[in-house]
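Here is the structure we will look at, set down as structure tokens.
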Amino acid sequence: MSASDFYNMTMQEQKLDCLGMGCPMPVVKAKQALPQLADGEWLSIDVDGETQVQNLTRMAQNRGYYVEHEPLGENFTVRIQKKEQPAAEAEQPAADSGHTVIVFGSDVMGQGNEELGHILMKAFCFSVTQMDVLPRRMIFYNDGVKLTTKGSPVLEDLRNLAEAGVEIFSCGTCLKYLNLEDAVEVGAVSNMYEILEMQMQAAKVIKP
């Protein structure tokens, strides 16, 4: 991170300019900056999208930090207060038994006949709802994000899973590329850094 990216705003607050940066760069730069702060200091991050606000908020809350945000004209400022954490809670938790993540890179299952692939995907998502042990998270990227958006044939199953406590995430870059940013019907919007982080934390990763 260059000196121009990170500079003192006050003795108690540092500022990070992430305007114009797409996901996952605001999260990456915030994670680089936080270790430079003393306990109790604030990091202020300027971003230009609500998805970046959500990603930064989730990252901060997962680490036990206080976080708030406010409009900055047409943009946003996210403020994170660094707090000292017990060593056992610092950084990433280790993978635990039974922690399963399912990742969807397509809206069809398998290769070959596309119509059959849609049928199989619908059957797969329904089958997940019938498992005695549910996955911790379900992650959707590339054409897989179509499954979490308006008109998806598996929305009912995904909503049932979300209500049962399964965390559902769709890649924000993928949604933007496919013009589906306003069509998400279930779960949260994520970024590639967080998607990789969630898979690395998992004891098991399944790809249908």
Side-chain angles (χ1 to χ4, degrees), residues 1-86 89-93 136-141 145 148-150 162-163 165-201:
M1 183 171 53
S2 67
S4 61
D5 287 330
F6 183 67
Y7 57 94
N8 285 336
M9 186 175 180
T10 69
M11 291 295 290
Q12 298 297 322
E13 185 169 81
Q14 313 292 330
K15 186 170 179 62
L16 192 62
D17 185 356
C18 291
L19 293 173
M21 295 183 185
C23 295
M25 290 311 298
V27 169
V28 171
K29 288 187 172 292
K31 287 191 66 178
Q32 292 174 342
L34 282 167
Q36 302 180 42
L37 271 64
D39 185 39
E41 284 190 328
W42 289 83
L43 176 65
S44 176
I45 310 111
D46 292 342
V47 295
D48 53 9
E50 292 188 12
T51 297
Q52 289 94 322
V53 173
Q54 295 170 13
N55 289 334
L56 287 164
T57 298
R58 195 160 52 244
M59 181 273 290
Q61 290 176 339
N62 286 343
R63 285 160 176 77
Y65 298 155
Y66 177 79
V67 59
E68 62 186 21
H69 69 273
E70 60 185 2
L72 177 66
E74 296 181 353
N75 304 310
F76 301 90
T77 295
V78 179
R79 300 177 71 246
I80 301 172
Q81 186 180 34
K82 182 178 180 180
K83 298 179 181 178
E84 198 68 42
Q85 298 182 73
E89 299 178 9
E91 283 307 314
Q92 308 308 321
R136 172 82 60 84
R137 300 181 176 102
M138 299 172 76
I139 301 169
F140 299 81
Y141 58 85
V145 299
T148 66
T149 56
K150 187 175 181 180
E163 289 177 2
V166 177
E167 298 177 354
I168 295 174
F169 297 94
S170 297
C171 168
T173 300
C174 306
L175 291 166
K176 183 175 182 179
Y177 184 86
L178 296 171
N179 294 317
L180 293 172
E181 289 180 285
D182 298 325
V184 178
E185 294 285 326
V186 60
V189 178
S190 186
N191 61 84
M192 193 52 63
Y193 187 97
E194 186 177 38
I195 287 172
L196 175 59
E197 190 175 58
M198 288 187 286
Q199 292 183 71
M200 293 184 67
Q201 292 172 8

Go through the structure and list residues passing side chain to side chain donor-acceptor pair (under 3.5 Å) with Asn55, not counting sequence neighbours.
Arg58, Asn191
Find out whether Ile139 and Gln199 are in side-chain contact, i.e. whether some heavy atom of one side chain is under 4.5 Å from a heavy atom of the other.
yes
What closest approach, in Å, do Phe76 and Pro71 show between heavy atoms, and which atom pair accounts for it?
CD2-CA, 4.3 Å
Considering non-hydrogen atoms only, spot the tightest contact between Leu37 and Gln14 and give its length.
CD1-CG, 3.6 Å
Quick check for you: to the nearest 0.5 Å, what is the distance between Asn179 atom CG and Thr149 atom OG1?
11.5 Å
The reported gap from CD in Gln201 to CG in Asn62 (rounded to nearest 0.5 angstrom) is 8.0 Å
What's the separation between atom CG in Leu178 and atom OG in Ser170, rounded to the nearest 0.5 Å?
11.0 Å
Do Leu16 and Leu43 touch side chain to side chain, with heavy atoms closer than 4.5 Å?
yes
Would you mind reporting whether Asp46 and Asn75 have side-chain heavy atoms less than 4.5 Å apart?
no
Could you go step by step and tell me if Lys31 and Arg63 meet the side-chain contact (heavy atoms from CB on, under 4.5 Å) rule?
CA-CA 11 Å; Lys31 287 191 66 178; Arg63 285 160 176 77; 3.0 Å; yes
Rounded to the nearest 0.5 angstrom, the NE2-CZ distance for His69 and Arg79 is 13.0 Å
Would you say Asp48's side chain and Leu19's backbone share a donor-acceptor pair under 3.5 angstrom?
no
Glu68, CD atom: more than 12 neighbouring heavy atoms under 6.0 Å:
yes
pair Lys83-Tyr65: side-chain heavy atoms closer than 4.5 Å
yes
Using atom types as modelled and distance alone, determine if a side-chain donor or acceptor of Gln52 lies under 3.5 Å from a backbone N or O of Met21.
yes
Any carboxylate oxygen within less than 4.0 angstrom of a Lys/Arg side-chain nitrogen, looking at Glu185 and Lys150?
no
Apply the test side-chain contact (heavy atoms from CB on, under 4.5 Å) to residues Glu194 and Val27: give CA-CA distance (whole Å), side-chain angles for both, the deciding distance (0.1 Å), then the verdict.
CA-CA 9 Å; Glu194 186 177 38; Val27 169; over 6 Å; no
With the side chain counted from C-beta on, respond yes when Ile195 and Met192 share a heavy-atom pair under 4.5 Å apart, and no when they do not.
yes
State the CD-CE distance between Glu197 and Met59, to the nearest 0.5 angstrom.
9.0 Å
For Pro26 against Leu56, the heavy-atom pair lying closest together
O-CD2, 3.6 Å
Shortest non-hydrogen separation from Cys171 to Val145 and the atoms involved:
N-CG1, 3.8 Å
Could you grab the distance from atom CG of Leu175 to atom CG of Asp182, nearest 0.5 Å is fine?
9.5 Å
Please report the closest heavy-atom contact between Leu34 and Lys82, naming both atoms and the distance.
O-NZ, 3.1 Å
